[in-house]
Protein chains: 2
Amino acid sequence: MTDKLYKQVYQILKSRIQEGIYGIGTYLPSENELCKMHGITRTTARRALDELQKEGFIVREHGKGSRVKERRQTLGLLTVKGFSEAVRENVRTVFLQRPTLRAWPESFAFSPDKKERSRYSIYFERLRGVGDFPVMLECNWFASPGFEELLQIEFLEGSFFKTLSKKYQLEITGSEQELRALQADEKVAHLLKIGQGAPVLNISIRFITSRTNFHIYSCLHCNTEKYPIGNIYHRL
Amino acid sequence: MTDKLYKQVYQILKSRIQEGIYGIGTYLPSENELCKMHGITRTTARRALDELQKEGFIVREHGKGSRVKERRQTLGLLTVKGFSEAVRENVRTVFLQRPTLRAWPESFAFSPDKKERSRYSIYFERLRGVGDFPVMLECNWFASPGFEELLQIEFLEGSFFKTLSKKYQLEITGSEQELRALQADEKVAHLLKIGQGAPVLNISIRFITSRTNFHIYSCLHCNTEKYPIGNIYHRL
DNA sequence: TAGTGGTCTAGACCACGGT
DNA sequence: CCGTGGTCTAGACCACTAG
């Protein structure tokens, strides 16, 4: 509780918005009310609201109040976040292939370097969706040495990145990506339950990690009809 | 003149950074010094510095000062760069529609807010390619007030963003994006010289700028067959 | 220890929206 | 008119950096 006051107030408001206590389109307590409620000054109350605004939870309306905004339901995926962190609600994941040793694929949007190629790769493949609606087919490769344990265990909370972070202190520090629009081939069409030849968004990613020369390669095929892939940047 | 104090101080500091008076790596005057220099309080000085930080001109270093940063430009197309900066070589651009007043379109991936909608928009449309190969159809909208001059003049070095920066001191500070794979309609197919129904990558962007409540809306249709859209992030 | 940025208080006046 | 958010003042105490 030695945390910053404005962060505390921010957290409280954010939770109440997410729980629907402050519904979409309604107004938050005014700045002066927040002051009385939490025993703080307007400067601090405003700072909490500034944060909420920056993250897209509210809009400030001069002379009226702070209104709760509808947050777009998109997949904020393209930076370094994994799917489960990006979507949060109602994510369903099915393993089509649990982690297994496999040779590297021949062609690749990004070429693994020699050292990586000289080792076997671990491969896994998942179908991910929102509820029953399949959204993306995800294929992943990475060099195996040191990660053999992953062939056995479950991912923590279903998150590959979270597992790497907690088990191996390995953090994602960046990524390179290539985006394409392709026609669904037979396999993709079947798994995403769309017509063969339907347009799918293909994202090839090379994740850069805190371990030098260790990368994770992902290839995503997304049905964007219902859930476009979303992305927000601020502050350069 | 009667403008907000923090904006004035911000402008002064920004100009001096851009002119090199405060060089990269050096420290700005401390907050207390700025107070004395401009006869303001620390709150106001800090607000000016907040803006500079948000736009990537400085970093604050606790216990040391506000250091002038080298502005990053390596974020690839999907963040804040325009096409011409991202591709560099052999870019051809053809105006299909020079900047012109036009009503806002009805449907939009991102909704302009009320104030923006209440004004007319300036619209322009370009076909961009590498050499003779058309790559992307680019449609752009933004609220008109104050930018009427753009209806007349040429863009500096063919870059819209560069023109906004130099003519209006307007910086791009972020963006929201939505990515979709679509089938080319008749117009897009014709312009990109691909078959009708061929998959195209659709990128809807809302650029956030240093002018509050002023956004630029872009809608891109890309043929990714030969040139996929690339993207690099580091250091998140 | 002196100076810096980070957080916070307790006020003030203004511009805007709705009554 | 009153209540709202937007700007600003004049202080305070803290945490961090460096000599």
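This structure is a prediction, so every number in the text was calculated from the model and none was measured.
- Atom CD in B:E31 sits roughly 14 Å away from atom P in D:dT9 (whole-Å rounding).
- For A:Y6 and A:G63, each mapped to the nucleotide of DNA chain C holding its nearest heavy atom, the one lying further toward the 5' end belongs to A:Y6.
- Rounded to an integer number of Å, the gap from A:D50 CG to C:dT7 P is 12 Å.
- Here the C1' atom of nucleotide D:dG3 and the NZ atom of A:K36 are 10 Å apart, to the nearest Å.
- Taking 4.0 angstrom as the limit, B:R60 places none of its side-chain polar atoms (N or O) nearer than this to OP1 or OP2 of C:dT4.
- In A:Q53, the CD atom is crowded: over 12 heavy atoms of neighbouring residues, nucleotides or ligands sit closer than 6.0 Å.
- Out of D:dC8, D:dG5, C:dG5, the shortest distance to the side chain of B:T41 is found at D:dC8.
- The nucleotide whose nearest atom lies closest to any side-chain atom of B:T43 is, among D:dA10, D:dG5, C:dG6, D:dA10.
- Minimum atom distance to the side chain of A:K4 is reached by C:dC8, of the listed D:dT9, C:dC8, D:dA12.
- For A:K64, whose side chain is taken as the heavy atoms from C-beta onward, the closest listed nucleotide among C:dC13, C:dG5, C:dG17 is C:dG17.
- The distance between atom NZ of A:K7 and atom C1' of C:dC8, rounded to the nearest whole Å, is 16 Å.
- Candidate nucleotides D:dT9, C:dC16, C:dC8 were compared by shortest atom distance to the side chain of A:H62, and C:dC16 ranks first.
- Within a 6.0 Å sphere centred on OH of B:Y120, other residues, nucleotides and ligands contribute 12 heavy atoms or fewer.
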| task | With side-chain contact (heavy atoms from CB on, under 4.5 Å) as the test, would you mind laying out the steps for B:Y217 and B:Y123 before giving the verdict? | result | CA-CA 10 Å; B:Y217 300 88; B:Y123 175 80; over 6 Å; no
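- D:dC8 atom C1' lies 16 Å from atom NE2 of B:H38, rounded to whole Å.
- The interatomic distance linking B:R67 (CZ) with C:dG5 (C1') rounds to 14 Å, in whole Å.
- Using a 4.0 Å cut-off between a side-chain N of Lys or Arg and a carboxylate O of Asp or Glu, A:E51 and A:K7 qualify as a salt bridge.
- The CD-C1' distance, from B:E61 to D:dA15, rounds to 15 Å in whole Å.
- Here A:S66 reaches the OP1 or OP2 of D:dG5: one of its side-chain N or O atoms lies under 4.0 Å away.
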| said: Pair B:F207, B:F160 - check ring-ring contact (aromatic ring centres under 6.0 Å, His included), show working. | reply: CA-CA 13 Å; B:F207 287 104; B:F160 178 49; 8.9 Å; no
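- With respect to B:E125 and B:K187, a salt bridge is recorded, a charged nitrogen being found less than 4.0 Å from a carboxylate O.
- Listed nucleotides: C:dT4, D:dT4, C:dT7. Nearest to the side chain of A:E33: D:dT4.
- Closest to the side chain of A:R42, out of D:dT4, C:dC13, C:dG6, is C:dC13.
- Among the protein residues, A:L49 comes within range of no part of the nucleic acid, since none of its heavy atoms lies under 4.0 Å from any strand.
- Whole-Å rounding puts the A:N32 CG to C:dA10 P distance at 14 Å.
- Across all strands shown, C:dT1 is found opposite D:dA18 as a Watson-Crick or G-U wobble partner, with both distances under 3.5 Å.
- Distances were taken from every side-chain heavy atom of A:T44 (C-beta onward) to each of D:dT4, D:dT9, C:dC8; the shortest belongs to C:dC8.
- Side chain of A:R47, nearest nucleotide from C:dC8, C:dT7, D:dG6: C:dT7.
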